[in-house]
Amino acid sequence: FTSTRDLSPRQQMPQPGIRHKGGNRRRGKKRDRRLGDVKYDENGKQIDDRDTRQGANLGFKDIVRVNPMFEKFYRAQKFCSDEEFDQTMEVLKTDLPASFRITGTRSHADGLLKIIEGQYFKELTEFLAKGGNVVIPKVLPWYPDSLAYQLNATRKDIRREEIYFKLHNFLVAETDCGSISRQETVSMIPPLVLGVEPHHRVLDMCAAPGSKTTQLMEAVHDLPEGEMPTGFVVANDSDNARCYMLTHQVKRLQSPCILITNHDAACMPNIYIPDPERPGKNTPVKFDRILCDVPCTGDGTLRKNADIWPKWNPVNSVNLHGVQYRIAKRGLEMLAVGGRMVYSTCSFNPIEDEAVLARILQETGDSVRLVEIKDKLPGLKYSPGLTTWQCASKQCDLYSKFEDVPEQIAKVQIRPTMFPPPPEIAENLGLEKCARLLPHHQNTGGFFVALLEKVALCPWESERKAKKREADGTENADDDDDEEIPDPEPPKKKFKGQNRGFREDPIIYFDENEEVFPEIQKYFGLSLPASIFLTRCRDETKKKNLYFTNPAVKEVVENNRERMRLINTGVKAFTRADNKGSNCDYRIAQEGCLSTVPFIKNRVLRPGKEDMLKILQSSEIQKPPEIRHFTEDFRHACDAMETGSVAYVYKEADTGMSIEIVGWKGKDTLRAYVVKNERLHYLRLMGADTSMWEVNKFEEKKEKDKERKEARENRDSSQGVENGDIDNSNGDVDDTNGDIKVPGDEDHS
């Protein structure tokens, strides 16, 4: 028979409480008509629909954060003392605090850190000293270089409380330009544990929405300014729609070292590159680091996903155990010997955590081992992994061993691999090296993380290799998955409906004789070769936008076009522009300037602080600043530069902080092609006043409420006059209640 645990993710039906990739949350949901007109109080402030009689009748109630089965099941697992478990349950019933981290690879990370602590946190501290009710963000002690913070207030509180409005505006703007990532605290841990370096080949198997992927990319780019990493990151996800969300997330980092793919992680295809030691042969890529953050029931996220409380059931984890095992196993197959893989979930359930690892470790034997993580993140509090646990039925009947499970349940739900191994086997697996992060440890969500190291080929890999050697009659078959490089074939005729559902624009790299490139290379003094540039247009003659990748990414793309479902790669470097007196048809793209400008020599202007501030503060498109208003030295540099696309590079002498933006040098004016939030980011770094761009939505709302109240009063007054309710000649005023009596009303009644 086939149990549900053996079904692929595509075959599994959605289960209540499972955090599936994707979702059908309705955006912009319309207000229920049964609530009637919007109600206002005497001050003109809108009344919450839940506080009206109609709202109460419709049953708007908060989710009750109680589930007896949840408490019974996890108390029986004994992953902490009863006293600690009570603390965990109390914390789980509260909302999750907000947290964020500063992008670590930017040259201005230190400057941003000083701004946060010296300006925004200082204001909150002074408000607290005056007796105000406010929470001060605290640095996460285990995060490298103190670049991550946790604010023990919810994201809802930050949006609703006026004292936080400047901090909230700052976080939104900096997140938009990629300098800050608003990420859950425990979600930051797996990439840090992996220990990624710039030369590593990295795979993120279940990458969306992308917060962990951006951490991996930051580690790959941890190099001196102007150097391009030799490694790359493959970010994969099985959900096509979430791949585009992932693309949007990673685009902020402007990296030429990222590939986004769309595959089922449990059966992800091999990626091939040419084998330098065997000409004419391809060899599969073996990754140095793999992040295996598998789909899970997500009951560790109860603090931010309260809808899980009423839906939670022990069987939800049973349905995912097989999928998680297959993803982890496939990850180990794609891992290089000596490489490391992190297995993580946001679930408390040992069936999704230790049971998966115990099954893997027993099958791999001595070829894979668990690694301690306590030395990698000093100061992080966690509980060790379990060596014994219990399984449960849908009714939460607990079972300590498979023999105790009723036959009917054993057929369709609980399987032997979900139970802990015998003590004599468990003691050699090292499951206690896993880390369980409980909510009460650091006021976070729940999380499970384990670090695996591959010290030799997995047994089934060794068997395949031996069979290949025996079949080939040779002793030096280096890899059982190699393939010959095929001769180029003429293009095949495409039929209507072919490859329906996967219609990505083609990725076409330049050859050495590309016509448009010499013009760009000469005009900008570009030091990058033509071979790493590409276009994404079906009409190859247009070449509107030009992107580039590093050579390692190009090698992957060129050798896996038919095998790999590639969603996105490359960073935008140049875009075709209207020829307004320029000798080049292309301009530098702001979307990739951080990666492109370090390799440009000719079209670079270096303004001083005063000039750079003038460029950034002049945001009016129709009235760009005139060159004659800048300092004398900078005017001379501009006069010597021909009309066309330019890069403005400002470097602070004391700190070495560098700011690069792009723009256009006209005949008499200078423009900067920078969006509002990026302007704010750079102005903050330079210590400029940004108050003119700061929007206090609370003051705006007060003004709108005041205007609305006055308009309603005027409308009521005018309606009263039109209806004859106020008539000084005929009307009598009742002194007892102020109501106006109109003669004849009694007769009409």
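Just the heavy atoms: all of them, side chains too, but no hydrogens, waters or symmetry mates, feed the values below.
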Student: Taking salt bridge (charged side-chain N to carboxylate O under 4.0 Å, His left out) as the cut-off, I'd like each qualifying pair that reaches into residues 423-444, sequence neighbours left out, listed once.
Tutor: D353-R436, E354-R436

Student: Go through the steps to decide whether R340 and K454 satisfy the test side chain to side chain contact (heavy atoms under 4.5 Å, CB included), and finish with yes or no.
Tutor: CA-CA 6 Å; R340 293 187 169 185; K454 186 176 181 179; over 6 Å; no

Student: For K329, look at atom NZ and say whether over 12 heavy atoms of other residues, nucleotides or ligands are found less than 6.0 Å away.
Tutor: yes

Student: Determine whether N282 and N559 satisfy the following criterion, side chain to side chain contact (heavy atoms under 4.5 Å, CB included), listing intermediate values before the conclusion.
Tutor: CA-CA 9 Å; N282 276 354; N559 291 278; 3.9 Å; yes

Student: State whether the side chain of T301 and the backbone N or O of N305 hold a donor-acceptor pair below 3.5 Å, judged by distance alone.
Tutor: no

Student: Measuring only between side-chain heavy atoms, which start at C-beta, is L361 closer than 4.5 Å to L431?
Tutor: yes

Student: Tell me whether R359 forms a cation-pi arrangement with Y325, defined as NZ or CZ under 6.0 Å from the six-membered ring centre and within 45 degrees of its axis.
Tutor: yes

Student: Within the distance-only criterion (no hydrogens, no angle test), does the side chain of H263 pair as donor or acceptor with the backbone N or O of D237 below 3.5 angstrom?
Tutor: no

Student: Any donor-acceptor pair under 3.5 Å linking the side chain of W142 with the backbone of K381?
Tutor: no

Student: Kindly compute the distance separating OG1 (T345) from CG (D293), expressed to the nearest 0.5 Å.
Tutor: 8.0 Å

Student: May I have all residue pairs that pass ring pair (Phe, Tyr, Trp, His ring centres under 6.0 Å) and include part of residues 344-364, sequence neighbours excluded?
Tutor: Y74-F348

Student: So, for C292 and A328, which heavy atoms are closest and what is the spacing to 0.1 Å?
Tutor: SG-CA, 3.9 Å

Student: Tell me, do V342 and L452 make a side-chain contact under 4.5 Å, heavy atoms counted?
Tutor: no

Student: Would the distance check show the side chain of N313 and the main-chain N or O of K394 forming a donor-acceptor pair, the cut-off being under 3.5 Å?
Tutor: yes

Student: Rounded to the nearest 0.5 Å, how far apart are CD of E461 and CD of E463?
Tutor: 10.5 Å

Student: With no hydrogens and no angle check, just 3.5 Å: does a side-chain donor-acceptor pair link Q442 and Q150?
Tutor: no

Student: State whether the side chain of S317 and the backbone N or O of I351 hold a donor-acceptor pair below 3.5 Å, judged by distance alone.
Tutor: no

Student: Go through Y143 and L192 one step at a time and tell me if the side chain to side chain contact (heavy atoms under 4.5 Å, CB included) criterion holds.
Tutor: CA-CA 8 Å; Y143 197 93; L192 296 176; 3.6 Å; yes

Student: Taking only residues at least two apart or on different chains, which pairs with a member in residues 366-378 satisfy side chain to side chain donor-acceptor pair (under 3.5 Å)?
Tutor: R369-E453

Student: H221 and S255: side-chain donor and acceptor closer than 3.5 Å?
Tutor: yes

Student: Is the backbone N or O of L147 less than 3.5 Å from a side-chain atom of D145, with the two atoms forming a donor-acceptor pair by type?
Tutor: no

Student: Is the closest side-chain heavy-atom distance between L335 and M341 below 4.5 Å?
Tutor: yes

Student: The test is side-chain hydrogen bond (donor to acceptor under 3.5 Å, both in side chains); show your working for E352 and S347 and say whether it passes.
Tutor: CA-CA 7 Å; E352 301 179 65; S347 171; 2.8 Å; yes

Student: Could you give all pairs that pass the side chain to side chain donor-acceptor pair (under 3.5 Å) test and reach residues 189-211, with sequence neighbours left out?
Tutor: D204-T213

Student: Under 3.5 Å, is there a donor-acceptor pair between the T247 and N568 side chains?
Tutor: no

Student: T88 and side chain to side chain donor-acceptor pair (under 3.5 Å): which single residue from H441, H440, E71, E83 fits?
Tutor: H440

Student: Of all residues at least two apart in sequence or in a different chain, which pass the ring-ring contact (aromatic ring centres under 6.0 Å, His included) check with Y343?
Tutor: none

Student: Is the closest side-chain donor-acceptor distance between W460 and E333 under 3.5 Å?
Tutor: yes

Student: Just by distance, with hydrogens left out, do S400 and Q390 show a side-chain donor and acceptor under 3.5 Å apart?
Tutor: yes

Student: Do any N or O atoms from the side chain of Q324 and from the backbone of P295 form a donor-acceptor pair under 3.5 angstrom?
Tutor: yes

Student: Is there a side chain to side chain contact (heavy atoms under 4.5 Å, CB included) between I260 and L566 once you walk through the steps?
Tutor: CA-CA 6 Å; I260 297 173; L566 183 59; 5.7 Å; no

Student: Can a donor-acceptor pair be found between the side chains of R303 and N443 at a distance below 3.5 Å?
Tutor: yes

Student: Strictly distance-based, threshold 3.5 Å: is any side-chain N or O of K72 a donor or acceptor partner for the main-chain N or O of C396?
Tutor: yes

Student: Are any non-hydrogen side-chain atoms of M188 and R101 less than 4.5 angstrom apart?
Tutor: yes

Student: First locate atom CG of D397, then atom CD1 of I409, and finally report the distance between them rounded to the nearest 0.5 Å.
Tutor: 6.5 Å

Student: Using distance alone, with no hydrogens and no angle criterion, decide if N67 and W309 have a side-chain donor and acceptor under 3.5 Å apart.
Tutor: no

Student: Taking all heavy atoms of N560 and all of R563, pick out the closest pair and write down the distance.
Tutor: OD1-NH1, 3.0 Å

Student: Going by the rule salt bridge (Lys or Arg N to Asp or Glu O under 4.0 Å), which residues pair with D95 if we only count those two or more places apart in sequence or in a different chain?
Tutor: R65

